[in-house]
Asks: 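My questions will all concern the structure given below.
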Amino acid sequence: MRRTVLISKHIYQEAVDQLIARADVDYNNSDESLPAEELRRRVAGKHGLVCQLTDRIGPSLLDSAEGLRVVSNVAVGFDNIDVAAATERGIIVTNTPGVLTDTTADLAFALILGAGRRLGEAERYLRAGRFKQWRINLLTGWDIWGATLGIFGLGRIGQAVARRGRGFNMRLLYYDPYRQSEEVEQALGVQYASKEEVLRQADFITLHCALTPETHHLIGREELGLMKPTAVLVNTSRGPVVDEAALADALQSGRIAAAGLDVFEHEPAVHPKLLTLENALIVPHIASASVATRTRMCCMAAENMIAVLDGERPPNIVNPEVLD
Ligand code: GLV
């Protein structure tokens, strides 16, 4: 029997071709997400769904998709999918880890450099015709070379950022509820510390944890209160890991120096105060956005999908218990 797949939104063509070779594909070849009702209607009767982090996949959608065997997310994060609900219904969920590690770490480091050296603000200053004369304290920022970098979450991406930090002669501290082995710590040159110590000691803090109930508002008013007034916070994980209103207040009052943000609590909305603050360097969720990486992510999502349709174990399964 020919398998049927819904692709919820535009993806790179190589991945579409891979899927078309193996299944009957209903493709929403658009940069706009399908409205919830249309997604529900079009997923009905399909064996597979290729979706993106802008698609909310919850119990009611899964209930309207009888026969659905796999949800293949084109992202490493999968907080847009109710995995427990999928597991209960015997539906496999897959993601795209690994291929985006270095591209994401590059952007995190770009935000460390950009927020620390006030690049967004400097460019706006210049474009506004305000650069009349060099002066000694013009747009002075905070050194990255030799500073202390605090990493929350030392998984694949956190480790890749640590390697970049080493290249900048940084002292590397990390906090993760799952401590890495001594070998990994030594190889990376990182030192384990409590959440509070990382907050107190770091000049730059970068977040690399998945969004879970435990990490929701991991950085809130209290945590911001422990940071140095010269500290810079960078978030390329998920918006709700940071209490955005508290962060906006901390940036406005000078409680911390600056922030570099790729993700937002209520994406695509950004807290209105952040939009007005010169010390917030903000970009629209582009951490994995290189052509090569986004192409690989799409192909990986197609490969995960095809494996399940062929009755095989997909390379990147989020809920293996469905198969056990
Ligand atoms: C992007 O945010 C991803 O999770 O891949």
Side-chain angles (χ1 to χ4, degrees), residues 100-128 130-131 134-175 188-191 198-199 201-209 219 224 227-239 241-242 247-248 250-251 254-264 270 274-275 277-293:
L100 46 64
T101 300
D102 284 308
T103 306
T104 303
D106 282 350
L107 196 276
F109 220 82
L111 291 176
I112 289 170
L113 293 165
R117 295 300 303 274
R118 302 171 64 180
L119 295 190
E121 188 181 352
E123 205 204 21
R124 282 189 293 280
Y125 178 90
L126 187 108
R127 284 182 188 274
R130 292 171 60 203
F131 183 34
W134 188 91
R135 57 184 166 80
I136 200 74
N137 61 348
L138 178 62
L139 290 157
T140 44
W142 298 272
D143 281 320
I144 290 87
W145 181 263
T148 297
L149 177 63
I151 302 170
F152 278 88
L154 198 69
R156 273 180 293 254
I157 298 171
Q159 293 186 26
V161 173
R163 283 185 206 101
R164 284 154 180 75
R166 248 188 125 168
F168 276 74
N169 191 33
M170 297 180 98
R171 175 177 170 239
L172 305 172
L173 298 180
Y174 84 100
Y175 170 73
L188 288 168
V190 297
Q191 196 184 320
V198 175
L199 290 166
Q201 292 188 35
D203 300 302
F204 292 84
I205 289 180
T206 184
L207 308 178
H208 301 290
C209 43
I219 304 295
L224 290 159
M227 289 167 65
K228 294 181 181 180
T230 49
V232 175
L233 177 71
V234 166
N235 190 10
T236 52
S237 62
R238 283 292 184 266
V241 173
V242 175
L247 174 63
L251 289 170
R255 180 63 207 77
I256 67 167
L261 306 173
D262 180 49
V263 288
F264 302 92
V270 177
L274 285 178
L275 293 170
L277 292 172
E278 287 291 6
N279 54 353
L281 175 58
I282 48 181
V283 295
H285 205 148
I286 55 166
S288 63
S290 74
V291 176
T293 291

Asks: Atom CE of M170 and atom CD1 of I112: how far apart are they, to the nearest 0.5 Å?
Replies: 6.0 Å

Asks: Residues two or more places apart in sequence or in another chain: which of them pass ring pair (Phe, Tyr, Trp, His ring centres under 6.0 Å) with F168?
Replies: F109

Asks: Could you tell me if the side chain of I205 sits less than 4.5 Å from the side chain of L199, heavy atoms only?
Replies: yes

Asks: Hey, could you give me the CD1/CZ distance between I219 and F152, rounded to the nearest 0.5 Å?
Replies: 4.5 Å

Asks: Tell me whether R164 contacts the main-chain N or O of A160 through its side chain, where contact means a donor paired with an acceptor under 3.5 Å.
Replies: yes

Asks: Work out which heavy atom in R117 is nearest to a heavy atom in I144; give both atom names and the distance.
Replies: CG-CD1, 3.8 Å

Asks: Donor-acceptor pair, Q159 side chain versus L154 backbone, under 3.5 Å?
Replies: yes

Asks: For residues L247 and I256, determine if any side-chain heavy atom of one lies less than 4.5 Å from a side-chain heavy atom of the other.
Replies: yes

Asks: So, for A202 and G150, which heavy atoms are closest and what is the spacing to 0.1 Å?
Replies: CB-N, 3.6 Å

Asks: For the backbone of R130 and the side chain of Y125, can you confirm whether one donor and one acceptor N or O come within less than 3.5 Å of each other?
Replies: yes

Asks: To the nearest 0.5 Å, how far apart are CG in L107 and NE2 in H285?
Replies: 9.5 Å

Asks: Counting only heavy atoms from other residues, nucleotides and ligands, does the tally under 6.0 Å from CZ of R135 exceed 12?
Replies: yes

Asks: Between R156 (side chain) and L100 (backbone), is there a donor-acceptor pair under 3.5 Å?
Replies: no

Asks: Specify the closest pair of heavy atoms between L251 and A259, including all atoms of both residues, with the distance to one decimal.
Replies: CD2-N, 3.7 Å

Asks: Could you tell me whether the side chain of L233 reaches within less than 4.5 Å of the side chain of L207, counting heavy atoms only?
Replies: yes

Asks: Using the rule given for side chain to side chain contact (heavy atoms under 4.5 Å, CB included), can you reason through L172 versus L188, listing the C-alpha separation, both sets of side-chain angles and the distance that settles it, and then say yes or no?
Replies: CA-CA 9 Å; L172 305 172; L188 288 168; 5.7 Å; no

Asks: Thinking salt bridges, do D203 and R171 make one under a 4.0 Å N-O criterion?
Replies: no

Asks: Does K228 use its side chain to pair, donor to acceptor, with the backbone of Q201 at less than 3.5 Å?
Replies: yes

Asks: Which heavy atom of L281 sits nearest to which heavy atom of G114, and what is that distance?
Replies: CD2-C, 3.4 Å

Asks: Please evaluate residues L119 and L113 with respect to the criterion side chain to side chain contact (heavy atoms under 4.5 Å, CB included), reporting the C-alpha separation (whole Å), side-chain torsions for both, the decisive distance (0.1 Å), and the verdict.
Replies: CA-CA 8 Å; L119 295 190; L113 293 165; 5.5 Å; no

Asks: How many angstroms lie between CD1 in I151 and SG in C209, if you round to the nearest 0.5 Å?
Replies: 12.0 Å

Asks: Taking the side chain as everything from C-beta on, heavy atoms only, tell me whether T140 gets closer than 4.5 Å to R118.
Replies: yes

Asks: So how far is it from T103 OG1 to I286 CD1, rounded to the nearest 0.5 Å?
Replies: 11.5 Å

Asks: Any side-chain heavy atom of V161 within less than 4.5 Å of one from T104?
Replies: no

Asks: Side chains of L275 and I282: does their closest heavy-atom pair fall under 4.5 Å?
Replies: yes

Asks: Is there side-chain contact between V234 and F204, with heavy atoms separated by less than 4.5 Å?
Replies: no

Asks: Counting N and O atoms only, with roles assigned by atom type, does the side chain of N235 sit under 3.5 Å from a partner on the main chain of L261, one being a donor and the other an acceptor?
Replies: no

Asks: Using modelled atom types and a 3.5 Å cut-off, is there a donor and acceptor pairing between side-chain atoms of N169 and backbone atoms of W145?
Replies: no

